[in-house]
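Notes follow the structure.
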Amino acid sequence: LYTKLMVSGQEPMSYRGGLLEIIPKKSGEGCSAFRSILLSDVLSKSYHRLIRDRLVPTIERVGQPLQLGVRTGSSLEMASLYVRSLIQRARSAKRCLSLLFLDVEAAYYQACRELIVGPSPQLERLRDILVGKGFCESAVALLLERVHVSPALTVQDLPELAFRALKDMLHSTWHQLRTSPLLTGTLLGTRPGDPLADALFAILLASFLEELTAKLLEAGLLGHASTSWSIPRTQPIDPGHCCLLGSDSWADDIAIPLSSSDAASMRSDVALAAKHIVDTGSSFGPVSYTHLTLPTNTVTWRSRWSPYH
């Protein structure tokens, strides 16, 4: 059955959706705090898991070194220890460290599928949806340009049959609430609850982080830290070696470290880094960020921002 589906490049309509279950969050914020999880057919999950297995080598190749949460064997403790070690080493070296935290809004629910696999016949409907969600015309134009020019996945990244099957299964998707007989078609999101959901978002996030990292490096904001505080003490220190301060991410939560010798220059660096996040994020979808600055004398301040609201 799966061989026929792969060769034909089309899966049954029953594989493209399922029941949408509402699960309350633990935050206790009332009825408005919930997650939606797709309960789909067992056969469709098994088939999508086969496609996910084909994506694993691509994730390992394009993913950032500390892009955790999707790789086998990665743990949340590793992400936490990385951030804590940077804070401790910065304080020991009497340097100012700023951690720029990025949170992708409704990441798995609003991810643009065309940014992952390229253009689709539903592209015009997608434009209308984005405008209806409050995206400005310039942001929509940037996003659609990226869809045509540089999607995160191409046929070179996967076997041809697997890529064609993946592109097909992201279109004409639907869900149904248990309390309603109506079917709702969907154009956005990686369908949380599906085996492919985290893998597809990870590939899209890797593309975003790669472009953002390149811009921060070019601006001198994410440079090479001095060996006096960036190299682990367990390693011999080579005076000619420097360590790159890279982003640290778990699923859709990202931490970007910025280092400076004083708080004054740090604040200007954070503002400039935020501008690059705006420029990069405008062609990927809605992004919000919160930053926490940790100078040598422990001063903290926070900010929230969203490019479309």
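Although no hydrogens or angles enter the test, the distance criterion places a donor-acceptor pair under 3.5 Å between the side chain of Ser85 and the main chain of Leu81. Judged by distance alone, with hydrogens and angles left aside, the side-chain atoms of Gln67 form a donor-acceptor pair with the main-chain N or O of Ala202 at under 3.5 Å. Judged by distance alone, with hydrogens and angles left aside, the side-chain atoms of Ser44 form no donor-acceptor pair with the main-chain N or O of Ser40 at under 3.5 Å. Listed for the Arg146 side chain is no donor-acceptor partner under 3.5 Å among the backbone atoms of Leu115. For Asp198 (side chain) and Ala251 (main-chain N/O), no donor-acceptor pair under 3.5 Å exists by modelled atom type. Side chain of Asp157 to main chain of Thr154: a donor-acceptor pair is present (N/O by atom type, distance under 3.5 Å, no hydrogens or angles). The backbone N or O of Leu50 sits nowhere less than 3.5 Å from a side-chain atom of Tyr2 that would complete a donor-acceptor pair. Panel note: side chain Thr173, backbone Leu170; no donor-acceptor pair is recorded below 3.5 Å. Arg127 places no side-chain N or O within donor-acceptor distance of the main-chain N or O of Leu123, the cut-off being under 3.5 Å. In this structure, the side chain of Trp174 engages the main chain of Met13 through a donor-acceptor pair within 3.5 Å.
Residue Ser98 holds its OG atom at 12.0 Å from CG of Leu86, rounded to the nearest 0.5 Å. Atom CG of residue Leu130 and atom CD of residue Gln110 lie 9.0 Å apart, to the nearest 0.5 angstrom. Leu153 CG to Leu166 CG: the interatomic distance, rounded to the nearest 0.5 Å, is 6.5 Å. Here the straight-line distance linking atom CG of Leu212 with atom CD of Gln64 works out to 9.0 Å at 0.5 Å rounding. Note that CG of Leu55 is 10.5 Å distant from CZ of Phe163, once rounded to the nearest 0.5 Å. In this structure, CG on Leu19 lies 10.5 Å from NE2 on His175, to the nearest 0.5 angstrom.
Arg125 CZ: 12 or fewer foreign heavy atoms inside a 6.0 Å radius. Glu210 CD: 12 or fewer foreign heavy atoms inside a 6.0 Å radius. Dense packing is recorded around CZ of Arg61, with more than 12 heavy atoms of other residues, nucleotides or ligands lying under 6.0 Å away.
Residues Gln10 and Leu5 form no side-chain contact, since every pair of their non-hydrogen atoms from C-beta on lies 4.5 Å or further apart. In this structure the side chain of Lys167 never reaches within 4.5 angstrom of the side chain of Arg164, judged on heavy atoms. In this structure the side chain of Thr184 never reaches within 4.5 angstrom of the side chain of Leu177, judged on heavy atoms. Counting heavy atoms from C-beta on, the side chains of Arg89 and Leu97 never come closer than 4.5 Å. Between Leu102 and Phe208 the shortest side-chain heavy-atom distance falls below 4.5 Å. Contact of the Val147 side chain with the Leu143 side chain is registered, since non-hydrogen atoms from C-beta on lie closer than 4.5 Å. Between Glu124 and Asp128, every side-chain heavy-atom pair lies at or beyond the 4.5 Å cut-off. No side-chain heavy atom of Arg178 sits under 4.5 Å from any side-chain heavy atom of Leu20.
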Could you go through the salt bridge (Lys or Arg N to Asp or Glu O under 4.0 Å) check for Lys275 and Asp279 one step at a time?
CA-CA 6 Å; Lys275 179 181 182 301; Asp279 295 340; 3.1 Å; yes

Verify side chain to side chain contact (heavy atoms under 4.5 Å, CB included) between Phe284 and Leu204, making sure each step is shown before the conclusion.
CA-CA 9 Å; Phe284 281 90; Leu204 181 59; 4.0 Å; yes

Set out, in order, the CA-CA distance, both residues' side-chain angles and the distance that settles side chain to side chain contact (heavy atoms under 4.5 Å, CB included) for Leu209 and Ser249, then state yes or no.
CA-CA 10 Å; Leu209 291 176; Ser249 63; 4.1 Å; yes

Show your reasoning for whether side chain to side chain contact (heavy atoms under 4.5 Å, CB included) applies to Asp248 and Met78.
CA-CA 9 Å; Asp248 172 29; Met78 178 61 188; over 6 Å; no

Stepwise, does the side chain to side chain contact (heavy atoms under 4.5 Å, CB included) test hold for Leu182 with Gln176?
CA-CA 6 Å; Leu182 300 178; Gln176 180 184 19; over 6 Å; no

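Grouping the Ile, Leu, Val, Met, Phe, Trp and Tyr side chains by contacts below 4.5 angstrom, directly or via other members, places Leu272 with Leu217. Under the 4.5 Å side-chain heavy-atom criterion for grouping Ile, Leu, Val, Met, Phe, Trp and Tyr, Val83 is connected to Trp250 within one hydrophobic cluster. There is no path of hydrophobic side-chain contacts, each under 4.5 Å, that joins Ile37 to Leu196. Side-chain heavy atoms closer than 4.5 Å link hydrophobic residues (I, L, V, M, F, W, Y) into clusters, and following such links, even through other members, never connects Ile254 to Val62. Phe101 and Ile87 end up in the same hydrophobic cluster when Ile, Leu, Val, Met, Phe, Trp and Tyr side chains are linked at under 4.5 Å.
Contact between Pro192 and Ser36 at its shortest, heavy atoms only, is CB-O, 3.9 Å. Among all heavy-atom pairs drawn from Arg71 and Pro65, the shortest one is NH1-O, 3.9 Å. The minimum heavy-atom distance linking Met6 with Ala165 is given by the pair SD-CB, 4.0 Å. In this structure, Leu100 and Ile277 approach most closely via the heavy-atom pair CD2-CD1, 3.0 Å. Across Ala152 and Ser207, no two heavy atoms sit closer than the pair CB-CB, 4.3 Å. The two atoms that bring Ala273 and Leu258 nearest to each other are CB-CD1, 3.8 Å, heavy atoms only.
Under a 4.0 Å N-O distance rule, the pair Arg52/Asp194 does not qualify as a salt bridge.
Judged by distance alone, the side chains of Arg113 and Thr186 do bring a donor and an acceptor atom under 3.5 Å apart. A donor and an acceptor atom, one from each side chain of Thr280 and Glu211, are nowhere located under 3.5 Å apart. Side chains of His148 and Glu114: a donor-acceptor N/O pair is absent below 3.5 angstrom, by distance only.
Relative ring orientation between Tyr15 and Tyr47 is described as tilted, the plane-to-plane angle lying within the 30° to 60° band.
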